[in-house]
Colleague: 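Got a structure for you, written out below as structure tokens; questions coming shortly.
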Amino acid sequence: MRKDVVVLGAGIVGVSIAVHLQKRGRSVLLVDRRKPGEETSFGNAGLIQREGVYPYGFPHDFGALLRYALNNTIDAHYHWSALPKIAPFLLQYWMHSRPAQHKAIARMYAPLIEHSVTEHMALAEESGSTHLIRPTGWMKVFRNEETRDRQFRDAEAVKRDFGVNFDALDTRGVAEREPHIKVSTKGGIHWTDPASVSDPHLLTMGYVGLFERLGGELAAGDAKTLEETPTGWRVQTENGPVEADAVVIALGAWADVVTKRLGYDLPLAVKRGYHMHYQPEGNAVLNRPTLDFDRGYFLAPMLKGIRLTTGAEFAVRDAPKTPVQLARAEPIAREFFPLGGRVDPEPWMGMRPCTPDMMPIIGKAPRHKNLWFGFGHAHHGLTLGPVTGRLLAEMITGETPVVDPKPYRVERF
């Protein structure tokens, strides 16, 4: 079998790339070891973060660093045994998170974020998946007045600099929008421009359906078998070897499995995260995803129930699950919102693929012909999947790209 393009990785990013290439007349094979959307794309807070122009940085204030060093928080956890391996990455990440550098990164990152909701809606409309996307925004609530006031100031700056809209809420405003929150808050921020997704996996599968209706094909295969040929690339699949003129690596947290074999030593790491679903008690309703900011966990209404998600776990990618953050968060979340019984038999764990400058790697590989990269989206894989797909497809087909791809090129490392 021969194709124009093979896309390795069938998460939301890889699926979106495949859809956009197929729409542009390329014959595409989407290859993954598992079924589409069953790795990192399966579990997240379901946000399309139009407000997320500042990627998640590493804190620089002493209090936060000390709190993380104690290793007993919900929003961050680390494996002591992993520190020697991940310390160089964390140092680079911390350096890029300095205020001036972080602000410069936001300016480069914003063009991708600006297209996040519109590009999702375009694919959702074509795939018949608009019922899964809710224009409700999301909310962060505060238990501390000092935290609230600081966050209000930061939100005003984001609105001024990037045109993102929000409502600043007092205690009554929070209660009106989320009447079943049980604790007394000091107010909140309702980001009104983002959208939320009621089932990220179903949305990914909706885009897969569009890809197949456009003539695209899927196959199970091992990305580690990728090899260059005189006429392009070859990969082994369940249907035998497949050759293609071009290949896109969209393997998320597993991208380095292939890139290292091809001679690219990239500064990649993972932030692991966990989730669990709960039935709400009685007639309790959560109207939109809500962050208990001062405690560091997220609640999101999903088709399956209320999803409790944790922050970042810094560990070796393939280390066994250690859902200690979920255990810390659950009793606090139960005091915050009337959660009933667990729905899932065990906590889900996913891997967020991260770069030290918090921006994805999107573009052509510098030392190989017709090799393209699309990974490293960290917390914003769901947010940026469709716009990344459009951007890469335009670059591969020679169209004018929707945004300037230069800030995301691999050569920056």
Side-chain angles (χ1 to χ4, degrees), residues 7-18 30-47 55-56 58 76-79 81-83 85-90 92-93 200-201 204 220-226 247-262 264-275 309-323 325 347-363 365 372-385 388-389 392 408 410 413:
V7 177
L8 299 176
I12 186 65
V13 175
V15 168
S16 298
I17 295 166
L30 183 61
V31 176
D32 204 313
R33 62 180 181 175
R34 299 182 64 179
K35 293 179 180 179
E38 291 192 351
E39 291 285 2
T40 307
S41 297
F42 186 85
N44 50 62
L47 298 179
Y56 292 94
F58 204 101
H77 178 68
Y78 59 89
H79 288 188
S81 60
L83 288 181
K85 183 174 182 178
I86 65 176
F89 171 86
L90 291 177
Q92 292 183 60
Y93 186 32
H201 180 245
T204 302
D222 186 352
K224 290 185 290 186
T225 65
L226 180 68
V247 65
V248 180
I249 298 175
L251 291 164
W254 293 269
D256 63 346
V257 171
V258 177
T259 56
K260 283 187 176 179
R261 291 178 61 252
L262 296 173
Y264 297 93
D265 186 16
L266 302 176
L268 297 172
V270 298
K271 295 182 188 177
R272 308 197 317 176
Y274 299 85
H275 82 224
T309 72
T310 65
E313 180 182 65
F314 295 94
V316 175
R317 180 186 59 210
D318 300 321
K321 290 182 180 180
T322 52
Q325 292 160 283
W348 176 91
M349 183 184 74
M351 322 277 189
R352 306 178 186 101
C354 303
T355 65
D357 66 1
M358 297 158 275
M359 294 195 299
I361 296 171
I362 304 172
W372 300 83
F373 294 158
F375 51 83
H377 292 75
H379 296 261
H380 286 155
L382 177 66
T383 294
L384 296 178
T388 297
L392 255 180
Y408 323 117
V410 68
F413 297 120

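Note: hydrogens, waters and symmetry copies are ignored here, and every other heavy atom, side chains too, is used. Quick caveat: nothing in here was measured; it's all calculated off a predicted structure.
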Colleague: Please examine the side chains of D256 and R317, heavy atoms only from C-beta on, and report whether any two atoms are closer than 4.5 Å.
Modeller: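 Side chain of R317 against side chain of D256, heavy atoms only: contact under 4.5 Å found.
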Colleague: Give the minimum heavy-atom separation between L30 and A18, together with the two atoms involved.
Modeller: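 Between these two residues, the closest heavy atoms are CD1-CB, 4.2 Å.
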Colleague: R33: what forms a salt bridge (Lys or Arg N to Asp or Glu O under 4.0 Å) with it, not counting sequence neighbours?
Modeller: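 Partners of R33 under the salt bridge (Lys or Arg N to Asp or Glu O under 4.0 Å) test: E39.
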Colleague: Decide ring-ring contact (aromatic ring centres under 6.0 Å, His included) for F373 and Y264; before the verdict, give the C-alpha distance in whole Å, the side-chain angles of both, and the deciding distance to 0.1 Å.
Modeller: CA-CA 11 Å; F373 294 158; Y264 297 93; 5.4 Å; yes
Colleague: Compare all side-chain heavy atoms of L266 with those of T355 and state whether any distance is below 4.5 angstrom.
Modeller: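 L266 vs T355: side chains apart.
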Colleague: Quick one, E313 and M351 - any side-chain contact, counting heavy atoms below 4.5 Å?
Modeller: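 The answer is no; the side chains never approach within 4.5 Å.
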Colleague: Count the heavy atoms of every other residue, nucleotide or ligand shown that sit under 6.0 Å from NZ of K321, and state whether that count exceeds 12.
Modeller: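 It does: K321 NZ has more than 12 such atoms within range.
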Colleague: With a 4.5 Å heavy-atom cut-off, do L226 and L8 have their side chains touching?
Modeller: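 In short, these two side chains touch, coming nearer than 4.5 Å.
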Colleague: With side chain to side chain contact (heavy atoms under 4.5 Å, CB included) as the test, would you mind laying out the steps for N44 and L47 before giving the verdict?
Modeller: CA-CA 8 Å; N44 50 62; L47 298 179; over 6 Å; no
Colleague: I need the minimum non-hydrogen distance between A250 and G14, along with the two atoms involved.
Modeller: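 Looking at all heavy atoms of both residues, the closest pair is CB-CA, 3.8 Å.
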Colleague: With side chain to side chain contact (heavy atoms under 4.5 Å, CB included) as the criterion, how do D318 and W254 come out once you've worked through the C-alpha distance, each side chain's angles and the decisive distance to 0.1 Å?
Modeller: CA-CA 10 Å; D318 300 321; W254 293 269; 4.1 Å; yes
Colleague: Y93 vs F314 aromatic rings, parallel, tilted or perpendicular, using cut-offs 30° and 60°?
Modeller: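 Taking F314 first and then Y93, their aromatic rings sit tilted (interplane angle of 30° to 60°).
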Colleague: Are R272 and T322 close enough that some pair of their side-chain heavy atoms sits under 4.5 Å apart?
Modeller: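 Yes, side chains in contact.
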